[in-house]
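Notes for the one structure printed next.
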Amino acid sequence: MTSQLRPRPEITLMERDAADVPPEVVVVVVDTVDEEALRTLRHIKRTTTSRTVLITTAIDEQKLVSAAECGVAGMVRRSEATPEHLVHVIGTVARGEGHLPADLLGRLLEEVGKLQAQVLGPRGLHFTGLAPREVDVLRLVADGQDTAEIATRLGYSERTIKNILHSVMTRLQLRNRSHAVAYAMRQGLI
């Protein structure tokens with residue numbers, strides 16, 4: 001991969017741990033996504049602000065989900081890793097976007113759906129970290145309603161509304177109602 005990217009003027013290659021400033025994108029090349037590869041990806045996510053592109057020969061659905069959990073923003077199969085394609089994917093990831101081959105995207109979405117239906121949903125959880133009633137309460141707070149109005153509108157006691165808001169703010173480490181509304185807006189929930 002290095003020999004393919006070195007002549008490309010759009011890419012500046014850096015040696016591992018050679019720079020004082022972390023690179024925008026780290027490219028990790030592995031044959032298979034095994035535990036060692038996942039440890040490397042977790043380490044990158046934990047210790048840098050760099051985005052990660054994973055180049056691999058083979059990957060199954062479970063390892064795809066694990067790689068996504070480790071912060072991988074782009075993935076390329078080795079068989080598709082031409083210099084032009086690599087430059088495109090690295091640029092895409094550097095701009096804050098993601099890249100995944102279409103068939104892997106479909107599989108990832110299926111796995112996410114299964115996870116929601118089989119694991120999170122039965123426990124009243126969602127990927128947003130908020131239950132539907134928590135989202136409803138935050139929407140009404142965003143509309144300017146006070147605790148009593150929200151309780152009347154949703155058919156809960158004022159104490160329940162206060163408990164819901166307290167639970168959301170504590171769990172997500174939010175300072176106040178305004179911060180909770182801002183969080184929900186940034187997450188696209190309201």
Side-chain angles (χ1 to χ4, degrees), residues 1-121 125-130 171-174 182-190:
M1 297 302 151
T2 303
S3 63
Q4 288 184 354
L5 294 174
R6 190 170 310 282
R8 299 304 296 243
E10 311 96 311
I11 303 290
T12 303
L13 293 178
M14 302 169 66
E15 293 299 321
R16 183 185 296 182
D17 302 326
D20 295 334
V21 178
E24 286 182 63
V25 178
V26 173
V27 178
V28 176
V29 182
V30 295
D31 284 325
T32 61
V33 181
D34 55 12
E35 281 307 311
E36 182 180 346
L38 292 173
R39 267 194 305 279
T40 299
L41 295 170
R42 284 187 202 104
H43 177 74
I44 293 166
K45 181 181 179 184
R46 204 174 46 249
T47 60
T48 73
T49 57
S50 304
R51 295 181 50 85
T52 306
V53 171
L54 177 64
I55 301 170
T56 183
T57 304
I59 188 163
D60 64 26
E61 287 85 359
Q62 202 56 45
K63 296 299 184 183
L64 178 63
V65 172
S66 296
E69 289 172 345
C70 293
V72 170
M75 190 173 304
V76 178
R77 288 188 181 94
R78 275 193 182 203
S79 61
E80 300 166 353
T82 64
E84 291 75 25
H85 189 58
L86 289 174
V87 168
H88 169 74
V89 171
I90 291 168
T92 298
V93 169
R95 288 189 303 274
E97 300 171 20
H99 176 84
L100 201 59
D103 65 306
L104 292 180
L105 179 59
R107 287 192 225 158
L108 181 61
L109 291 174
E110 284 177 26
E111 290 298 316
V112 167
K114 285 181 197 173
L115 182 61
Q116 177 63 51
Q118 297 172 0
V119 178
L120 299 176
L125 301 173
H126 299 273
F127 278 106
T128 62
L130 299 175
R171 188 172 67 245
L172 300 176
Q173 299 176 358
L174 304 169
Y183 170 85
M185 291 177 72
R186 280 194 305 273
Q187 297 300 314
L189 301 172
I190 59 174

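What you see is a predicted model; the values in this text were computed from it and never measured. For the single chain, residues carry numbers from 1 onward in sequence order.
- Thr92 and Gly98 get closest at one heavy-atom pair: CG2-O, 3.6 Å.
- Taking every heavy atom of both residues into account, Ser50 and Val26 meet most closely at CB-CG2, 3.5 Å.
- Annotation: side chain of Thr57 is not in contact with side chain of Thr32 (no heavy-atom distance under 4.5 Å).
- Residue pairs meeting the ring pair (Phe, Tyr, Trp, His ring centres under 6.0 Å) criterion with at least one member in residues 41-74, sequence neighbours excluded, do not occur.
- Only one option out of Val27, Val53, Val25 pairs with Val89 in a side chain to side chain contact (heavy atoms under 4.5 Å, CB included); it is Val53.
- In this structure, Arg78 pairs ionically with Asp31, as a charged nitrogen and a carboxylate oxygen lie closer than 4.0 Å.
- Side-chain contact check for Leu54 versus Val76: every heavy-atom pair is 4.5 Å or farther apart.
- Taking both residues in full, the closest heavy atoms of Pro101 and Met75 are given as CD-O, 3.3 Å, listed atom of the first, atom of the second, then distance.
- With contacts defined as side-chain heavy-atom distances shorter than 4.5 Å, the pair His99/His85 qualifies.
- Across Arg107 and Ile59, no two heavy atoms sit closer than the pair NH1-O, 4.0 Å.
- Side chain of Arg51 to main chain of Glu97: a donor-acceptor pair is present (N/O by atom type, distance under 3.5 Å, no hydrogens or angles).
- Residues Arg42 and Glu69 are not paired through a salt bridge, judged by the lack of any N-O separation under 4.0 Å between the basic side chain and the carboxylate.
- Using a 4.5 Å heavy-atom threshold, the side chains of Arg95 and Glu24 count as separate.
- Within a 6.0 Å sphere centred on CD of Glu10, heavy atoms belonging to other residues, nucleotides or ligands number more than 12.
- Of all heavy-atom pairs between Ile44 and Thr48, the closest is O-OG1, 2.8 Å.
- Taking the side chain as every heavy atom from C-beta outward, Val72 and Leu100 never approach each other to under 4.5 Å.
- To the nearest 0.5 Å, atoms CD (Glu36) and CG (Leu38) are separated by 10.5 Å.
- Heavy atoms only, all atoms of each residue included: Ile55 and Ala81 are closest at CG2-CB, 4.4 Å.
- Considering OG1 of Thr2 and CD1 of Ile11, their distance stands at 11.5 Å, rounded to 0.5 Å.
- Here the CG-CG distance, from Leu109 to Leu104, works out to 11.0 Å after rounding to the nearest 0.5 Å.
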